[in-house]
Amino acid sequence: MSRELASSFSPADIEASLYKQWVAAGYFRANSASTKPPFTIVIPPPNVTGSLHIGHALDHTLQDTLTRMKRMKGFEALWLPGMDHAGIATQNVVEKQLSAQGISRHDLGREDFVKKVWEWKSDSGGAILDQMRRLGDSVDWSREAFTMNSNLSTAVLTIFKKLHDQDLIYRAERIINWCPRCLTALSDIEVDYHDDSGEFVQVRYGEGDIQITVATTRAETMLGDGAVAVHPDDKRYKHLIGKKVLLPLANRYIPIIADELVEMDFGTGAVKVTAAHDPNDFEMAVRHNVAFVVIMNEHGVMDGSGTRFDGMDRFDARKAVVEALRDEGRIMDEKRPYVHAVGHCSRCDITLEPRLSKQWFVKVAPLAKAAGDAVRDGRVKIEPEELAPRYFDWIDNMHDWCISRQLWWGHRIPVWYGPNGESVVLGPGESPPAGYNQDPDVLDTWFSSALWPFSTLGWPAESDDLKKFYPTSVLVTGYDILFFWVARMMMFGLFAMDGVQPFHTIALHGLVRDQFGKKMSKSKGNVVDPIEFMDKYGADALRFTLARGANPGKDQALAEDWIAGSRNFATKLWNATRFAMINGASIDGDLPPLDSLNAIDKWILSRLSETISEVDSLLEQYEFARACELMYHFAWDDLCDWYLELSKESFASKDSANTKRVLGFVLDQLFRLMHPIMPFITEVMWTTLTGQESLVIAAWPIGHPEHIDKKSEKLIVEIQEIITDVRRFRNDQGIKTSQKIPARFIAPERINDYADAMAFVLRLELGTITPSAHCEIGAVKVEFDLTRSIDVAAERARLEKDLATAQKDRQTAEVKLNNQGFIAKASENVVVEIRERLEKTTADIARITAQLQKLQNP
RNA sequence: GGGUGCUUAGCUCAGUGGUAGAGCGUCUCGUUUACACCGAGAAUGUCGGGGGUUCGAAACCCUCAGCGCCCA
């Protein structure tokens with residue numbers, strides 16, 4: 001194995017081949033027969049129609065980081081990949097292709113259409129899978145799953161029957177969200193509400209003594225009114241309750257009813273009740289036995305009202321109805337535009353229509369109760385905790401779930417109807433009686449993805465995978481699909497697996513936003529492409545950027561500059577490693593005994609151990625951003641800026657065996673620590689450094705308590721202060737970095753031991769000199785022979801600034817110590833700390849003042 | 001309308017009671033035994049407003065204002 005790195009790091013050259021090697025070596029394959037403890041993550045299945053967007057890149061980076069870390073920690077780590085068949089989305093894609101050829105799915109027929117979709121899937125579906133390889137996802141490809149595969153379909157049939165047998169699935173006529181374009185029912189969560197500019201009109205119903213004015217945003221539905229409702233306590237209308245009022249245009253008489261659902265303060269306090277076209281009205285109608293009048297067909301076209309408006313599109317009808325009412329003098333008030341939230345199809349964005357329709361539902365109450373309790377009693381933890389109330393709020397108030405869809409692509413509802421209206425639910429492998437026909441509808445896609453944590457592991461079979469890897473360890477996903485998917489997995493998981501929760505922890509992350517924190521959207525044109533970023537900066541840079549921005553449950557802003565910054569960080573590490581290896585960094589043999597090391601070596605080992613322990617604990621708590629921050633500063637500041645600089649003198653002149661070994665150790669451990677976040681570059685650097693097989697299967701680093709050395713840390717802080725102050729002096733005096741200055745240290749022995757190292761960093765030539773200037777840092781004096789007089793003004797400015805700082809610091813310390821309350825009540829160590837601060841600043845002030853005086857009267 | 005979160009440097013964000021931080025950006029200087037995708041140094045904040053608790057508040061409590069998200 002070559003033990004030298006190329007002069008520059010080129011991600012594009014190595015990433016793809018490294019990934020192939022990892023897969024070929026089988027590192028990502030989990031073994032259900034293993035005796036190691038399991039660690040399982042199932043991937044939130046992307047849509048088969050989807051491609052990798054920046055949100056996936058974040059989600060996958062976090063999951064991969066956890067999986068890789070656990071694998072290194074000795075767990076049998078399984079990250080299970082797969083895709084969702086995405087009913088409506090996929091059907092839409094294929095239908096669009098067909099319509100380009102002038103064919104509709106009905107021309108093909110159901111069987112051929114479904115065949116077409118499968119063909120589409122094998123030709124162009126799953127583009128995202130290759131993009132996951134780019135990102136470095138360490139998923140177990142041998143277990144790749146798809147919600148429409150036969151084993152997952154078996155799971156669907158099994159649970160449908162089980163739910164049905166326990167009366168948790170029923171068929172009923174209800175108001176559901178209907179998409180007049182996709183021609184299917186939608187569940188509540190497939191509805192996107194956004195503000196539309198509509199109208200709000202008040203219409204006078206009735207004649208003579210019996211008149212009442214109602215307010216509505218959907219005037220055309222008045223043709224289907226079955227009643228007018230008022231609040232029972234509303235004095236304005238009390239006398240009208242129970243009377244019948246004339247419904248204009250339709251020329252029918254409808255009752256005036258009283259119901260507490262009506263808000264007295266809203267509009268006129270009287271509302272029209274259109275039982276077949278509004279969910280709230282539906283409820284009232286059931287309570288009061290109001291007639292259901294259907295006036296619109298599945299395409300959103302007026303139909304069945306028996307008026308001249310039949311045949312008009314719903315929006316044309318709205319205008320026409322208002323016009324007709326105006327002609328009759330029945331419009332009492334109009335607000336236009338009236339901006340209000342309107343439901344749209346989450347797939348095609350068309351305005352939805354509430355529609356009375358016979359559909360299949362899951363009775364969620366008992367399931368949701370169990371799903372809420374699992375979190376309430378701590379069996380499932382939501383991270384961050386702040387998001388738990390949102391979960392409860394939703395799951396404790398959930399409506400029954402409409403699961404039937406009028407589509408062809410999906411799991412067909414396993415219910416068969418007999419010639420006389422009988423019905424039978426079939427489990428896997430069962431056949432219907434002769435003459436029975438299957439329900440034409442398919443199940444909501446989320447029905448099958450709710451089974452994902454166990455259907456992918458072989459359920460309902462009692463497979464080895466299921467035994468080994470269920471329940472899964474953690475579910476990592478964006479808070480935006482907490483309701484869509486997470487809650488449903490909770491319900492079905494607890495139900496199907498006899499109360500065993502599908503995962504121990506739900507770790508929620510936020511959304512990726514643009515550099516100004518704005519939501520990314522196609523219309524704003526601020527959408528970024530993760531593939532482009534990987535092409536340009538490498539997968540590691542993208543991963544590091546996303547992980548570094550990932551604070552639990554919080555959105556993150558992302559700018560291309562920041563990915564470039566991560567690339568710079570990768571380059572920095574590369575160059576540092578190259579330099580270290582040229583100077584003989586080594587992992588051969590044991591670390592030298594601690595007491596044989598100099599303070600610089602002891603310090604970096606101490607810092608390394610602290611960093612490892614803290615990063616480990618942060619990653620275990622899903623605190624990716626903070627973990628990255630620590631790694632970044634350890635690597636760049638401690639290691640590159642200080643340790644390597646302070647060690648150069650030793651490499652250049654002395655026996656540096658200890659430092660070479662320590663440096664090798666530090667790099668080895670650091671690469672292990674960073675590998676889960678930046679797998680590619682760390683793999684190349686580590687295998688080159690160590691000559692070993694792969695970091696993917698290397699052991700995770702652990703902190704060494706015996707390496708923690710506060711004394712050395714304190715000493716190095718002192719040395720850093722001295723170096724920084726001398727650099728400031730040189731800078732203020734306009735002395736070039738390259739110019740060597742004769743100098744000497746007057747310092748205590750513990751500092752003086754490192755005079756050579758400091759001199760090397762500071763470009764000082766130590767020796768006997770005639771000083772013409774000096775710096776004082778606490779008890780340390782550094783004298784220089786500048787062979788010219790110093791810039792007095794610059795030096796005075798520098799000292800005066802130091803003086804001001806010291807004075808300010810002393811003052812705040814003094815104020816505290818003069819406060820009797822502080823002395824009496826503050827904790828001992830805080831008081832001691834402030835006393836020390838007072839002493840130090842007092843000494844500093846005296847020293848600086850003396851220097852300033854000398855400057856004036858040399 | 002109900003719930004919930006946020007407001008800290010020019011920008012994006014950390015910071016759960018003890019001298020205000022990071023990255024990027026800005027300014028000055030610089031090619032010295034890794035690295036200009038770099039180094040050194042510097043500037044920059046009455047921590048949204050007002051009240052309270054406390055010896056001490058960016059942090060805890062109350063209140064107001066603005067912004068955002070979820071649900072209806």
Side-chain angles (χ1 to χ4, degrees), chain A residues 5 7-9 188-189 193 263 265-266 280 341 386-387 389-394 397-398 479-480 482-483 510-511 513-519 537 541 545 548-549 551 553-562 564-583 623 625-626 628-629 632-633 636-637 640-641 644-645 647-649 651-653 723-732 734-740 760-763 798 801 805 808-813 815-827 829-831 833-834 837 841:
Chain A
L5 292 173
S7 63
S8 70
F9 175 61
D188 290 349
I189 52 175
Y193 288 92
E263 282 181 55
D265 305 335
F266 187 72
N280 289 327
E386 302 96 84
L387 289 174
R390 206 187 271 197
Y391 172 79
F392 293 130
D393 184 48
W394 193 77
N397 300 297
M398 200 174 170
Y479 62 73
D480 55 327
L482 187 60
F483 309 140
L511 275 36
R513 296 168 165 270
D514 78 3
Q515 58 181 314
F516 302 113
K518 299 277 174 247
K519 205 168 177 172
Y537 304 105
T545 308
R548 192 183 190 182
N551 287 111
K554 293 221 174 152
D555 291 351
Q556 65 168 301
L558 181 76
E560 181 165 351
D561 275 357
W562 307 345
S566 297
R567 185 270 321 264
N568 296 353
F569 176 49
T571 308
K572 181 79 182 175
L573 279 174
W574 183 268
N575 287 322
T577 305
R578 218 165 61 89
F579 174 75
M581 291 181 63
I582 287 167
N583 279 287
E623 292 272 10
R626 291 171 65 190
C628 286
E629 207 59 22
Y632 181 89
H633 287 292
W636 202 310
D637 301 351
C640 293
D641 287 349
L644 288 180
E645 291 302 322
S647 300
K648 276 179 181 172
E649 185 263 344
F651 288 136
S653 57
I723 290 175
T724 303
D725 204 59
V726 173
R727 279 171 173 165
R728 259 181 77 206
F729 172 80
R730 292 184 60 128
N731 224 300
D732 292 347
I735 299 165
K736 284 196 169 179
T737 325
S738 53
Q739 188 191 330
K740 295 197 174 183
F760 193 91
V761 172
L762 287 166
R763 312 289 294 173
R798 193 170 76 86
K801 200 181 140 211
T805 308
K808 195 177 148 233
D809 286 354
R810 191 172 78 144
Q811 208 191 344
T812 52
V815 167
K816 287 201 175 201
L817 292 168
N818 286 339
N819 180 341
Q820 286 310 309
F822 177 74
I823 302 291
K825 297 191 178 172
S827 71
N829 53 339
V830 171
V831 177
E833 195 190 312
I834 303 291
R837 199 184 300 159
T841 50

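So you know, we letter chains A, B, ... as the sequences are listed, proteins then strands, and number each from 1. All values reported here derive from a predicted model rather than from experimental measurement.
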If the [atom1] atom of [N] is compared with that of [M], how far apart are they to the nearest Å?
N	M	atom1	answer
A58(B)	A9(B)	P	15 Å
U8(B)	U12(B)	C1'	12 Å
C61(B)	U53(B)	C1'	7 Å
A22(B)	A43(B)	P	13 Å
U31(B)	A36(B)	C1'	9 Å
G15(B)	A65(B)	C1'	24 Å
G48(B)	A57(B)	C1'	16 Å
G56(B)	U19(B)	C1'	12 Å

Worksheet item: Quick one: stems for RNA chain B, with Watson-Crick or G-U pairs under 3.5 Å, at least three in a row?
Response: B:1-7 with B:65-71, B:10-13 with B:21-24, B:26-30 with B:38-42, B:48-52 with B:60-64
Discussion item. Can you list everything that forms a salt bridge (Lys or Arg N to Asp or Glu O under 4.0 Å) with Asp555(A)? Sequence neighbours excluded, please.
Written reply: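 Listed in chain order: Arg513(A).
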Item to complete: Could I get the full list of salt bridge (Lys or Arg N to Asp or Glu O under 4.0 Å) partners for Arg728(A), not counting sequence neighbours?
Response: Asp725(A), Asp802(A)
If I take atom [atom1] in residue [X] and atom [atom2] in nucleotide [N], what distance separates them, rounded to the nearest angstrom?
X	N	atom1	atom2	answer
Arg513(A)	C6(B)	CZ	C1'	11 Å
Leu511(A)	U12(B)	CG	C1'	16 Å
Lys519(A)	G68(B)	NZ	C1'	11 Å
Leu387(A)	C71(B)	CG	P	13 Å
Asn819(A)	A57(B)	CG	C1'	15 Å
Asp393(A)	C71(B)	CG	P	10 Å
Leu817(A)	G56(B)	CG	P	15 Å

Worksheet, complete the sentence: For nucleotides 20-35 of chain B, 5' to 3', base contacts (B), sugar-phosphate-only contacts (S) and non-contacts (-) with protein non-hydrogen atoms under 4.0 Å give --SS------S-BBBB
Worksheet entry | Salt-bridge criterion met for Arg626(A) and Glu629(A) (N-O under 4.0 Å) | no
Worksheet entry | Arg390(A) (side chain) and C70(B) (base): donor-acceptor pair under 3.5 Å |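 When only heavy-atom distances are counted, Arg390(A) does not reach the base of C70(B) through any donor-acceptor pair under 3.5 Å.
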Discussion item. Under 4.0 Å, counting only non-hydrogen atoms across every strand here, what does Lys801(A) touch: a base, just sugar-phosphate, or nothing?
Written reply: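 Since only primed, P, OP1 and OP2 atoms lie under 4.0 Å of Lys801(A), the category is sugar-phosphate.
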Polar pairs (N or O, both sides) under 3.5 Å between protein and nucleotides 14-19 of chain B?
{"unit_1": "U19(B)", "atom_1": "OP2", "unit_2": "Arg837(A)", "atom_2": "NH2", "d": "3.1"}
{"unit_1": "U19(B)", "atom_1": "O4'", "unit_2": "Arg837(A)", "atom_2": "NH1", "d": "3.4"}
{"unit_1": "U19(B)", "atom_1": "O2", "unit_2": "Asp809(A)", "atom_2": "OD1", "d": "2.9"}

Response to the item:
Those residues at least two apart in sequence (or on a different chain) that pass ring-ring contact (aromatic ring centres under 6.0 Å, His included) with Phe9(A) are Trp574(A)
Practice prompt. Take the angle between the ring planes of Phe569(A) and Tyr632(A) and call it parallel below 30°, perpendicular above 60°, tilted in between.
Written response: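 If you compare the ring of Phe569(A) with that of Tyr632(A), the planes turn out tilted.
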Discussion item. Between Arg730(A) and Gln739(A) (side chain of the first, backbone of the second, donor and acceptor by atom type, cut-off under 3.5 Å), is there such a pair?
Written reply: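 Side chain of Arg730(A) to backbone of Gln739(A): a pair is present.
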